[in-house]
Amino acid sequence: MYPMLRFAKEMLKFRRAPRIGVLEPHVSTHRCWPLDLDPWIELNNGRTLTLYDLGRLPMAVRTGIIDTMRENGWGITVAGNSVRYRRRIKGFQRFTMVSRTLGWDARFLYMEQSMWHRGECCNHMLLRGAITSAQGIVAPARLMQAAGRETESPALPDWVAAWIAADAQRPWPPALPEIAAADRNGDLPA
């Protein structure tokens with residue numbers, strides 16, 4: 001279940017927070033609640049992705065990007081991500097999340113987010129987001145122009161550029177392995 005109450009709390013909490021630049025970090029503090037847990041009583045890896053929304057969307061509000069998107073009838077969607085997990089976040093632990101935009105290319109915004117507990121990074125995510133409209137993907141430079149911001153992205157870090165290049169080599173759609181007829185259902189191609 002999506003954490004709607006926590007999401008609303010974060011949006012209310014930061015609605016009057018000082019504005020930040022598009023590339024500046026947004027910092028928020030959270031707690032690992034029982035609905036976030038896996039069978040080992042620690043933050044579930046899938047829930048981590050959901051909780052990252054609680055940092056990313058208030059960040060977009062503070063930058064003013066959300067207002068620009070609403071004015072133009074645009075949305076935003078996740079178009080890819082990669083997460084590195086290194087430390088456990090256990091039940092009821094507080095953690096700090098840092099969210100920021102790194103830059104953009106002709107199609108996507110690139111953001112990084114991390115969760116920290118007692119000075120140690122627990123996990124780190126690189127995310128690619130697409131601005132969407134009824135006509136398709138909106139170039140991030142167009143979003144920045146509409147928001148009255150610099151349209152040219154800073155150079156993306158080398159590790160981000162390498163991720164983009166590696167992901168471009170990945171086949172789409174993926175090749176399906178041989179699946180026994182008994183295991184097939186109507187969702188899979190014959």
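The figures that follow rest on heavy atoms only: side chains count, while hydrogens, waters and symmetry mates do not.
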* Going through the distances and angles, do I164 and F108 end up as a side chain to side chain contact (heavy atoms under 4.5 Å, CB included)? -> CA-CA 10 Å; I164 294 167; F108 302 113; over 6 Å; no
* Looking only at non-hydrogen atoms, find the nearest pair between F95 and L51 and report the distance. => CZ-CD1, 4.1 Å
* Asked: Does the side chain of P58 reach to within under 4.5 Å of the side chain of M11, using non-hydrogen atoms?
  -> yes
* Asked: Between atom SG of C32 and atom CE of M115, what is the distance when rounded to the nearest 0.5 Å?
  -> 9.0 Å
* Enumerate the residue pairs fulfilling salt bridge (Lys or Arg N to Asp or Glu O under 4.0 Å) with a member in residues 94-109, sequence neighbours excluded, ordered by first and then second residue. => R100-E112
* Heavy-atom distance under 4.5 Å between the side chains of F92 and W33, does that happen here? -> yes
* Asked: Looking at CE of M69 and CD1 of I76, how far apart are the two atoms once the value is rounded to the nearest 0.5 Å?
  -> 5.0 Å
* Do R88 and W40 come within less than 4.5 Å of each other through their side chains, counting heavy atoms only? -> no
* **Y52 side chain near N123 side chain, heavy-atom distance below 4.5 Å** => yes
* Taking atom CZ of R16 as the centre, does the number of heavy atoms from other residues, nucleotides or ligands within less than 6.0 Å exceed 12? -> no
* Verdict with supporting geometry, M125 and T48, side chain to side chain contact (heavy atoms under 4.5 Å, CB included) -> CA-CA 10 Å; M125 176 175 67; T48 299; over 6 Å; no
* Flag if over 12 foreign heavy atoms under 6.0 Å of CG, L5 -> no
* **Between CG on residue N44 and CG on residue L37, distance to nearest 0.5 Å** => 8.5 Å
* To do: Begin with the C-alpha distance, continue with both residues' side-chain angles, and end with the deciding distance and a verdict on side chain to side chain contact (heavy atoms under 4.5 Å, CB included) for D38 and N45.
  => CA-CA 8 Å; D38 65 16; N45 63 308; 5.9 Å; no
* Asked: Just wondering, more than 12 heavy atoms not from E24 lying within 6.0 Å of its CD?
  -> yes
* Asked: How many angstroms lie between atom CD1 of I20 and atom OG1 of T101, to the nearest 0.5 angstrom?
  -> 8.0 Å
* CZ/R70: more than 12 non-hydrogen atoms of other groups inside 6.0 Å -> no
* **R84, CZ atom: more than 12 neighbouring heavy atoms under 6.0 Å** => no
* Asked: Nearest 0.5 Å, what's the OG-CD distance between S114 and E120?
  -> 13.0 Å
* Asked: What distance separates W104 CH2 from L23 CG, expressed to the nearest 0.5 Å?
  -> 5.5 Å
* Asked: side chain to side chain contact (heavy atoms under 4.5 Å, CB included) between E10 and H30: does it pass, once the steps are laid out?
  -> CA-CA 10 Å; E10 291 300 307; H30 308 270; 3.7 Å; yes
* Structure fact -> Closest non-hydrogen contact found for M144 with V22 is CE-CG1, 3.6 Å
* Taking the side chain from N72 and the backbone from T68, do they hold a donor-acceptor pair closer than 3.5 Å? -> yes
* **Residue pair C121 / R87, side-chain heavy-atom distance below 4.5 Å** => no
* Asked: Are the side chain of Y110 and the backbone of L156 linked by a donor-acceptor contact shorter than 3.5 Å?
  -> no
* Geometric class of the F14/H26 ring pair [parallel <30°, tilted 30-60°, perpendicular >60°] -> perpendicular
* Asked: Are R56 and V78 side-chain neighbours, meaning at least one heavy-atom pair lies under 4.5 Å?
  -> yes
* What do you reckon, is CZ of R149 surrounded by more than 12 foreign heavy atoms closer than 6.0 Å? -> yes
* Does Q113 reach the side chain of M59, with side-chain heavy atoms less than 4.5 Å apart? -> no
* **Non-hydrogen side-chain atoms of R6 and D36 separated by less than 4.5 Å** => yes
* Under 3.5 Å donor-acceptor, T151 side chain and A141 backbone -> no
* Asked: Taking a hydrophobic cluster as the set of Ile, Leu, Val, Met, Phe, Trp and Tyr residues connected by side-chain heavy atoms closer than 4.5 Å, whether directly or through intermediates, do L102 and V98 fall within one such cluster?
  -> no
* Could you tell me whether L188 atom CG has more than 12 heavy atoms of other residues or ligands within 6.0 Å of it? => yes
